[in-house]
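Heads up, the thing below is written out as structure tokens.
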Amino acid sequence: MSADLAREMEVLSSRLVDFVAPAELEERLLRARRESRPLRVKYGADPSAPDLHLGHVVGLNKLREFQDLGHTVVFIIGDFTARIGDPSGRSQTRRPMEPDEIVANAKTYQEQVFRVLQRDRTEIRFNSEWLAPLSFADVIRLAARVTVAQMLARDDFSARHAAGRAISLVEFLYPLVQAYDSVMVRADVEIGGTDQLFNLLLGRELQKSFGQPPQVVMTLPLLEGLDGVQKMSKSLGNYVALTEPPVEMFGKIMSIRDEQMWRYFSLVQGRPDDELQALMAEVAAGRRSPRDVKDDLARAIVARFHGAEAAEAASAEFARVFSRRELPSEMPEVRLDANELRDGLTLHALLVRAGLAPTHSEARRLIAQGAVELDGRRVSDPKAVVRPAPGCVIRAGRRGFARVA
RNA sequence: GGUGGGGUACCGAAGCGGCCAAACGGAGCAGACUGUAAAUCUGCCGACUCUAUGUCUUCGAAGGUUCGAAUCCUUCCCCCACCA
């Protein structure tokens, strides 16, 4: 093996959980170079959730590594299946989508994806291109290529089958669709999260059945979300979106558990293991505070998506509001009407007016719990009537601020 | 087609005539603490101008029985499994 190839293999195989099959990748890398034909690296995206988050970045990073070596990313937007939704009814999140909605999502998708990927080495494809023209007869012929035993090889399916729980036929069809995508784009490599392993492998099987060389399969770890336990996902609400404002993004990253930040360093920022070991040792020895290390992490991530300046500003803002308990540099304004200014209003009504509490009951709770301050003075009487002067700062909890206009 | 099991608040899951706005866990929120929106501890967690043995809405839907129903009855809708 040439030194070049060895280095490429080392880069490409970093951070992987599953890698099927390294020898095939070596072979393809060699041939790609010999024939000056870049590899086609497939990645599938679901347009039902247009908000990309840090969890997606884990996979995108790997794609970017391929691009940096001159290869092509084939980014597939699963518009066809999105149009149908998930009719099995077990997940409410997958309702059928309207075509314009899909187009709109696909567009925002692309904007976000190119914060990590190189545009000129990315091919964007919609799978309706080849799925929509299929007739039912075609689908049956396609289904004939895969056996139930192959399907039951998937842990999730066999476990549910064994437990006597339901498996919809559609659930067999969707992996098949994904596998067929691999055939249609002639994927050399496909990348996904560990939860995708089965689907990716089915792509190999189907490609073989179509007389194509089977794609190399790589899976990456699923990044844990803000709760530190479950994978980052939009439906769980434990995610950090790429489009999130810098200050929010920074704060959310600071809120992950200390032990969790190493995962973020590795998976999101792609920091090499030896560097992380050294950093962990420093923290363990008490030479560096975990807070500061996490601040580095948050700054690095924010800088990547919003620029270095925004990252520094976010860090400073965070220190101001949370470490020093000072006021944020900007806060929303509440405009009170003439009557309210003249006669005053109850504090809970003010909180609701300011958008700091969704209901009066909730506002009352915040007040009673000592979360509310007016111009820095805590007010804990839920019945308090106040007549705030213009410019008065209302604080509710650690993060809720508003200023009277 | 037959048999059995289900549908409870953001999620999971108890409750099976009053003590139920509904146990418990998770999520979320707040306070204390702190090195952070870490960890830990404590509290809150349907709404209502609400110091309450208060009012209203909520336990798949609609009716009914009862002084009183998430709990009983009827019909309906939906989900799941097993046997065919």
Side-chain angles (χ1 to χ4, degrees), chain A residues 86-93 159-168 171 224-240 244-265 280 282-284 286-299 301-302 314-326 328 339-340 343-353 355-373 378-386 395-401:
Chain A
D86 184 348
S88 66
R90 67 176 46 257
S91 70
Q92 298 84 337
T93 51
R160 279 160 64 194
H161 187 63
R165 281 184 292 124
I167 304 168
S168 156
E171 296 183 76
E224 293 79 18
L226 299 177
D227 54 71
V229 180
Q230 295 195 270
K231 71 167 179 174
M232 184 175 284
S233 90
K234 196 179 183 189
S235 51
L236 293 172
N238 61 357
Y239 69 107
V240 184
E244 209 133 2
V247 174
E248 281 299 300
M249 188 180 245
F250 190 93
K252 281 189 176 181
I253 295 164
M254 289 303 282
S255 84
I256 64 174
R257 294 167 210 277
D258 290 349
E259 315 83 73
Q260 224 187 325
M261 65 184 170
W262 313 113
R263 292 274 286 175
Y264 278 58
F265 266 119
M280 283 164 97
E282 275 193 69
V283 171
R287 284 198 299 274
R288 291 202 62 190
S289 142
R291 199 217 86 98
D292 294 341
V293 176
K294 208 193 283 179
D295 184 89
D296 284 348
L297 170 70
R299 279 209 322 277
I301 294 175
V302 173
S315 172
E317 182 80 1
F318 188 86
R320 174 161 52 234
V321 177
F322 297 108
S323 301
R324 281 181 262 126
R325 287 277 182 154
E326 292 169 14
N339 283 344
E340 289 167 334
D343 306 331
L345 69 170
T346 57
L347 183 53
H348 58 257
L350 179 63
L351 291 180
V352 172
R353 285 284 262 115
L356 296 174
T359 63
H360 290 265
S361 293
E362 181 62 30
R364 255 183 265 269
R365 253 174 242 135
L366 286 171
I367 298 164
Q369 288 179 136
V372 177
E373 289 177 4
R378 175 177 291 183
V379 183
S380 51
D381 174 11
K383 288 195 301 182
V385 173
V386 295
R395 173 172 200 160
R398 284 173 286 192
R399 297 201 277 149
F401 292 93

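Protein chains get the first letters and strands the later ones, always in sequence-line order, with residue 1 at the start of each.
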By side chain to side chain donor-acceptor pair (under 3.5 Å) - contacts of Asp227(A) (at least two apart) | Asn238(A)
Would you please confirm or rule out a distance under 4.0 Å between OP1 or OP2 of rU36(B) and any side-chain N or O of Ser323(A)?
-> yes
Which nucleotide in rG35(B), rA39(B), rA30(B) has an atom nearest any side-chain atom of Gln369(A) | rA30(B)
Salt bridge (charged side-chain N to carboxylate O under 4.0 Å, His left out) with Arg395(A): which residues, sequence neighbours excluded?
-> none
Tell me, please, which residues at least two apart from Arg320(A) pass salt bridge (charged side-chain N to carboxylate O under 4.0 Å, His left out).
-> Glu317(A)
Please name all residues satisfying salt bridge (charged side-chain N to carboxylate O under 4.0 Å, His left out) with Arg288(A), sequence neighbours left out, ordered by chain then number.
-> Asp296(A)
Listed partners of Glu326(A) passing salt bridge (charged side-chain N to carboxylate O under 4.0 Å, His left out), at least two apart = Arg324(A)
Qualifying residues under ring pair (Phe, Tyr, Trp, His ring centres under 6.0 Å), relative to Phe318(A), sequence neighbours excluded = Phe250(A), Phe322(A)
Hey, does the side chain of Arg291(A) come within less than 4.0 Å of rU34(B)'s phosphate (OP1/OP2), counting only N and O?
-> no
Can you check nucleotides 22-24 of chain B for protein contacts, nitrogen or oxygen pairs under 3.5 Å, and list what you find?
none

Which value, in whole Å, describes the distance between the C1' atoms of nucleotides rG1(B) and rA69(B)?
-> 35 Å
Report the nucleotide, chosen from rA37(B), rA38(B), rG43(B), that has the shortest atom-to-atom distance to any side-chain atom of Glu248(A).
-> rA37(B)
Integer-rounded Å distance: rG35(B) P and Phe318(A) CZ = 14 Å
Kindly say if Arg257(A) contacts the phosphate of rA39(B), meaning a side-chain N or O under 4.0 Å from OP1 or OP2.
-> yes
Nearest nucleotide by nearest heavy atom, which residue falls closer to the 5' end of RNA chain B, Ala371(A) or Met249(A)?
-> Ala371(A)
What is the per-nucleotide protein-contact pattern of nucleotides 48-58 of chain B, from the 5' end, where B denotes a base atom under 4.0 Å from a protein heavy atom, S denotes such proximity for sugar-phosphate atoms only, and - denotes neither?
-> BBBS-------
Expressed as a whole number of Å, how far does the C1' atom of rC82(B) sit from that of rG12(B)?
-> 25 Å
What residues, two or more places apart in sequence or in another chain, satisfy ring pair (Phe, Tyr, Trp, His ring centres under 6.0 Å) together with Phe265(A)?
-> none
Given that both distances must come in under 3.5 Å, which nucleotide forms a Watson-Crick or G-U wobble pair with rA32(B)?
-> rU40(B)
Between Arg365(A) and rA47(B), does any side-chain N or O lie under 4.0 Å from OP1 or OP2?
-> yes
Whole angstrom value for the distance that separates P of rA39(B) from CD of Glu259(A) | 8 Å
